[in-house]
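If you're wondering where the values come from, they're calculated on a predicted model, not measured in any experiment. Both counts, for ligands and for their atoms, begin at 1 and track the order of listing. For this chain, numbers begin at 1 and follow the sequence in order. Scope of the values below: all heavy atoms of this structure, side chains included, with no hydrogens, waters or symmetry mates.
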Amino acid sequence: MQKNSLNKKAESWSGRFSEPVAELVKKYTASVGFDQRLAQFDIAGSLAHAQMLGAQGIITQQDVAAIESGLNEILSEIQSGKFEWLLDLEDVHLNIEKRLTDKIGDAGKRLHTGRSRNDQVATDVRLWLRATSDDMLAGINKLQISILDLAEQHADTIMPGFTHLQVAQPVTFGHHLMAYFEMLKRDAERFVDCRKRINKLPLGAAALAGTSYAIDRGLVAKSLGFDGVCENSLDAVSDRDFAIEFTAASAILMTHLSRFSEELILWSSPRFAFIDIADRFCTGSSIMPQKKNPDVPELVRGKTGRVYGHLMGLLTLMKGQPLAYNKDNQEDKEPLFDTADTLLITLEIYADMLCGISVNKANMRQAALEGFATATDLADYLVKKGLPFRDAHEVVALAVKHAVKKGCDLADLPVQELQQFSKLITDDVYQVLTLEGSVASRNHIGGTAPAQVKQAIVRARNFLN
Ligand code: ARG
């Protein structure tokens, strides 16, 4: 009876059960629809596990050889799309194991010795996430190069810098772009750092407590390229903090791209008309023929919300779980996969889109002239001539008020008029009142002077190499 049920039923755990799982429950609990994406990593993990079992004399070398050739065949079946995934077999792990057993018989049944799906799935996710972190870093790198290329062309293109979305001080467009380079540099650091914690081996934890077989976890770690093993079995199978961290790093990266997008949208609007985004990244309106909509940056901004949602989802998934493994953790995969898919395509399209941006320098310059952007420079000029900063601030405020009344810029006021506000003002004032003089004077590391922007780009290129 017992033997019979073992042979007949599809589920690997079904001997204990007296009725089959309800169809709806099967559908509800199965993960094979999405976790088949882990197949390649599941097989890599199984190969390393089997080789270790063989090396430790837990299974025979003959079994190891059969497992290896069986798993390699299965991998090609999966890669060529010939593999038949069965919902009845619940998840990627049981699908592959069943196929292996169909192919090689008892040796296939020995593969799961000293292992559980709990440490198996944790290993698969970590392997997948490690590879994905590397893809993410490559994507960031490519976008950074696009930023540097654009910044280099515009190291001395003047635009207004804003605070409170009001013209504040002139900056160079290259400098503005390099701000995003810095953000992405920190984003990359976050992925590099998070990868260290991803890259630890859970296998050997088995279901939760470890295993009574004389396994060699170090060997498995080494053959899978892990930096070490998870040092507590309960922690190894239950925590997904590394996945949360990855998603948090992704959410922050999306925040940066969302801010950048918001700027591209503003700058490309006819009100600003600072830039033009190439037509291939825009769409038209079905009713208003004059429209050219910046769909790509708008979608980046929109997709940021979805990635934040995944972060919240994963945090919430984890927060109420007692140790050790709970089926809740099966819910980690879809948010993770979608986070990675969203980020990778966003990084790629962003890098392309930046190459398709053209700049209207005249409009940028005109806008910088319109908001008394060099008022601070006049104050600094007076300070350098001996006036205390607070007094200089007041002198300039009065001069600005006067210019507003006249409807002109500070640089348009004749020196005699400027002298009504301070006798310290002389002809040399126009050097600082011009946009070029203003940006060139901010000539220190981190400043907007074209010379500094060029140096920052050189440092950035060296860093990337
Ligand atoms: N599909 C499961 C998951 O993704 C694999 C682990 C199943 N373990 C279990 N005890 N039911 O988490």
Side-chain angles (χ1 to χ4, degrees), residues 9-17 20-22 24-46 48-49 71 74 78 83 85-101 109 111-132 198 200-211 224 230 232-244 246-247 310 313-340:
K9 298 201 177 158
E11 294 89 354
S12 302
W13 36 260
S14 61
R16 183 201 180 288
F17 288 75
V21 173
L24 190 58
V25 174
K26 262 188 204 165
K27 243 166 108 178
Y28 194 69
T29 57
S31 54
V32 65
F34 49 85
D35 68 11
Q36 51 181 270
R37 188 165 169 171
L38 297 172
Q40 170 199 347
F41 302 100
D42 193 68
I43 289 173
S46 289
H49 180 66
L71 285 176
I74 292 172
I78 293 170
F83 191 90
W85 297 100
L86 297 175
L87 190 83
D88 268 355
L89 289 168
E90 205 178 317
D91 57 25
V92 61
H93 324 292
L94 296 180
N95 268 269
I96 291 175
E97 194 184 320
K98 173 72 168 46
R99 179 85 183 122
L100 183 66
T101 303
K109 294 186 194 165
L111 169 61
H112 213 51
T113 310
R115 183 177 80 167
S116 152
R117 276 186 296 155
N118 296 350
D119 57 347
Q120 188 178 356
V121 70
T123 303
D124 292 5
V125 173
R126 283 173 184 264
L127 286 172
W128 177 83
L129 211 42
R130 184 179 73 189
T132 304
I198 291 170
K200 294 276 154 78
L201 174 77
L203 270 183
L208 75 164
T211 173
L224 290 172
C230 300
N232 180 289
S233 63
L234 298 165
D235 175 48
V237 292
S238 68
D239 204 2
R240 296 290 184 269
D241 59 354
F242 60 91
I244 296 172
F246 175 89
T247 311
H310 294 326
L314 287 176
L315 283 165
T316 312
L317 173 68
M318 211 67 242
K319 74 174 273 292
Q321 286 192 52
L323 300 187
Y325 177 84
N326 303 280
K327 187 80 163 183
D328 310 41
N329 280 341
Q330 182 165 289
E331 287 287 308
D332 66 352
K333 288 165 204 63
E334 287 165 293
L336 259 185
F337 293 159
D338 190 69
T339 296

query: So, the side chain of D35 versus the backbone of V92: is there a donor-acceptor pair under 3.5 Å, distance only?
result: yes
message: If you measure every N or O of E90 against every N or O of ligand 1, does any of those distances drop under 3.5 Å?
response: no
- prompt: Between D119 (side chain) and A206 (backbone), is there a donor-acceptor pair under 3.5 Å?
  reply: yes
message: Using side-chain contact (heavy atoms from CB on, under 4.5 Å), reason through H112 and Q120 one step at a time and then give a plain yes or no.
response: CA-CA 10 Å; H112 213 51; Q120 188 178 356; 3.3 Å; yes
task: Indicate yes or no: does R117 engage E97 in a salt bridge with an N to O separation below 4.0 Å.
output: no
Pair D91, Q330: side-chain N/O donor-acceptor within cut-off below 3.5 Å: no
- prompt: Near S31, which atoms of ligand 1 are under 4.0 Å from a heavy atom of that residue?
  reply: 1 (N)
Heavy-atom donor-acceptor pair, N326 side chain to A324 backbone, under 3.5 Å: yes
message: Can you tell me which portion of K333 lies within the under-4.0 Å heavy-atom range of ligand 1? Options are side chain, backbone, both, or neither.
response: side chain
statement: Residue, atom and distance of the protein heavy atom nearest atom 7 (C) of ligand 1 read Y325 OH, 3.6 Å
field: From V92, D91, D328 - option closest to atom 5 (C) of ligand 1 by heavy atom
entry: D91
message: Checking the N or O distance criterion of under 3.5 Å, is ligand 1 in contact with Q330?
response: yes
- request: Check the surroundings of atom CD in E331: do more than 12 heavy atoms from other residues, nucleotides or ligands lie under 6.0 Å from it?
  value: no
task: Among all protein heavy atoms, pick out the one at the shortest distance from atom 10 (N) of ligand 1; state its residue, atom name and that distance to 0.1 Å.
output: N118 OD1, 3.1 Å
task: Considering heavy atoms of the protein only, find what lies nearest to atom 11 (N) of ligand 1 and give residue, atom and distance to 0.1 Å.
output: R117 NH2, 3.8 Å
message: Looking only at distances, can you tell me whether any N or O atom of H93, backbone or side chain, sits closer than 3.5 Å to an N or O atom of ligand 1?
response: no
